[in-house]
K.L.:
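Attaching a single structure in structure tokens format; questions to follow.
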Amino acid sequence: LAESIVGDITPVDNVPKAKKQQLEMDAMTRIRSLLPEVPGAEVMALFQEYETGESDDAVFVKDLDKFDMILQAYEYEQATHRPGSLQEFFDSTAGRFKTELVKSWVAHLQAKRAAWIESMRVATGSK
């Protein structure tokens with residue numbers, strides 16, 4: 001939700017973690033101020049739960065957010081015909097997934113991406 005104000009801060013933006021957290025907290029404070037008191041407080045509480053990973057749901061949603069980032073990176077590599085060009089997105093999430101379900105999706109995506117990169121290498125005769 002904070003991304004609606006601060007934009008999508010990615011690893012290539014080189015924004016320090018503390019700065020990113022502050023930007024997102026400021027955005028959520030602004031969003032909260034636009035809502036009635038009770039739903040605003042609930043939205044803020046859910047955001048803080050997500051940020052701290054206090055619940056299984058928060059951990060799962062964090063995994064979904066990271067998975068979405070690498071899936072979009074893969075799709076962009078394909079759309080631009082630049083295999084492996086966005087490796088830094090994959091590197092930034094390596095070993096950071098917590099849930100078994102999303103870990104299985106990541107493994108599948110990585111295998112699919114590796115096969116695509118290899119097929120592009122063979123098709124273009126590059127090393």
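Worth knowing before you read on, the calculation uses all heavy atoms, side chains too, and leaves out hydrogens, waters and symmetry mates.
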K.L.:
Under the side-chain contact (heavy atoms from CB on, under 4.5 Å) rule, what do Phe67 and Leu109 come out as? Steps first, then yes or no, please.
P.N.:
CA-CA 9 Å; Phe67 182 76; Leu109 178 61; 4.0 Å; yes
K.L.:
Go through the structure and list residues passing side-chain hydrogen bond (donor to acceptor under 3.5 Å, both in side chains) with Thr52, not counting sequence neighbours.
P.N.:
Glu54
K.L.:
Do Leu1 and Leu46 land in one hydrophobic cluster if side-chain heavy atoms of ILVMFWY residues count as linked below 4.5 Å?
P.N.:
no
K.L.:
Suppose we screen for side-chain hydrogen bond (donor to acceptor under 3.5 Å, both in side chains). Which residues come up paired with Gln72, at least two apart in sequence or across chains?
P.N.:
Asp68
K.L.:
Report the C-alpha separation of Trp116 and Tyr74 in whole Å, then their side-chain angles, then the decisive distance to 0.1 Å, and conclude whether the side-chain contact (heavy atoms from CB on, under 4.5 Å) test is met.
P.N.:
CA-CA 10 Å; Trp116 175 70; Tyr74 170 61; 3.9 Å; yes
K.L.:
Sort and list the pairs that fulfil salt bridge (charged side-chain N to carboxylate O under 4.0 Å, His left out) and have at least one residue in residues 2-23, not counting sequence neighbours.
P.N.:
Lys20-Glu24
K.L.:
Check whether Ile70 and Leu101 end up in the same hydrophobic cluster, where Ile, Leu, Val, Met, Phe, Trp and Tyr are linked by side-chain heavy atoms less than 4.5 Å apart.
P.N.:
yes
K.L.:
Distance-only check: which donor-acceptor pairs under 3.5 Å involve side-chain atoms of residues 25-38, not counting sequence neighbours?
P.N.:
residue : atom : partner : partner atom : Å
Asp26   : OD1  : Gln22   : NE2          : 2.6
Thr29   : OG1  : Met25   : O            : 2.9
Ser33   : OG   : Arg30   : O            : 2.6

K.L.:
Report the residues that fulfil side-chain hydrogen bond (donor to acceptor under 3.5 Å, both in side chains) with Glu75, sequence neighbours left out, ordered by chain and then residue number.
P.N.:
none
K.L.:
When clusters are formed by joining ILVMFWY residues with side-chain heavy atoms under 4.5 Å apart, either directly or through shared neighbours, do Met69 and Tyr50 land in the same one?
P.N.:
no
K.L.:
Give the cluster check for Met44 versus Ile5: same hydrophobic cluster or not, with ILVMFWY residues linked at side-chain heavy-atom distances below 4.5 Å.
P.N.:
yes
K.L.:
What pairs of residues pass the salt bridge (charged side-chain N to carboxylate O under 4.0 Å, His left out) test when at least one of them lies in residues 39-49, not counting sequence neighbours?
P.N.:
none
K.L.:
According to the side chain to side chain donor-acceptor pair (under 3.5 Å) rule, which pairs have a member within residues 103-113, sequence neighbours left out?
P.N.:
Glu77-Arg113, Gln87-Arg113, Glu100-Lys103
K.L.:
Enumerate, atom names and distances included, each donor-acceptor pair closer than 3.5 Å involving a side-chain atom of residues 57-64, sequence neighbours excluded.
P.N.:
residue : atom : partner : partner atom : Å
Asp63   : OD1  : Lys98   : N            : 3.1
Asp63   : OD2  : Lys98   : N            : 2.9
Asp63   : OD2  : Thr99   : N            : 2.7
Asp63   : OD2  : Thr99   : OG1          : 2.7

K.L.:
Hydrophobic cluster mates of Val122, side-chain heavy atoms under 4.5 angstrom, ILVMFWY only, any path?
P.N.:
none
K.L.:
Quick one: salt bridge (charged side-chain N to carboxylate O under 4.0 Å, His left out) partners of Glu51, sequence neighbours excluded?
P.N.:
none
K.L.:
For Thr80, enumerate each residue passing the side-chain hydrogen bond (donor to acceptor under 3.5 Å, both in side chains) test, keeping only those at least two apart in sequence or located in another chain.
P.N.:
none
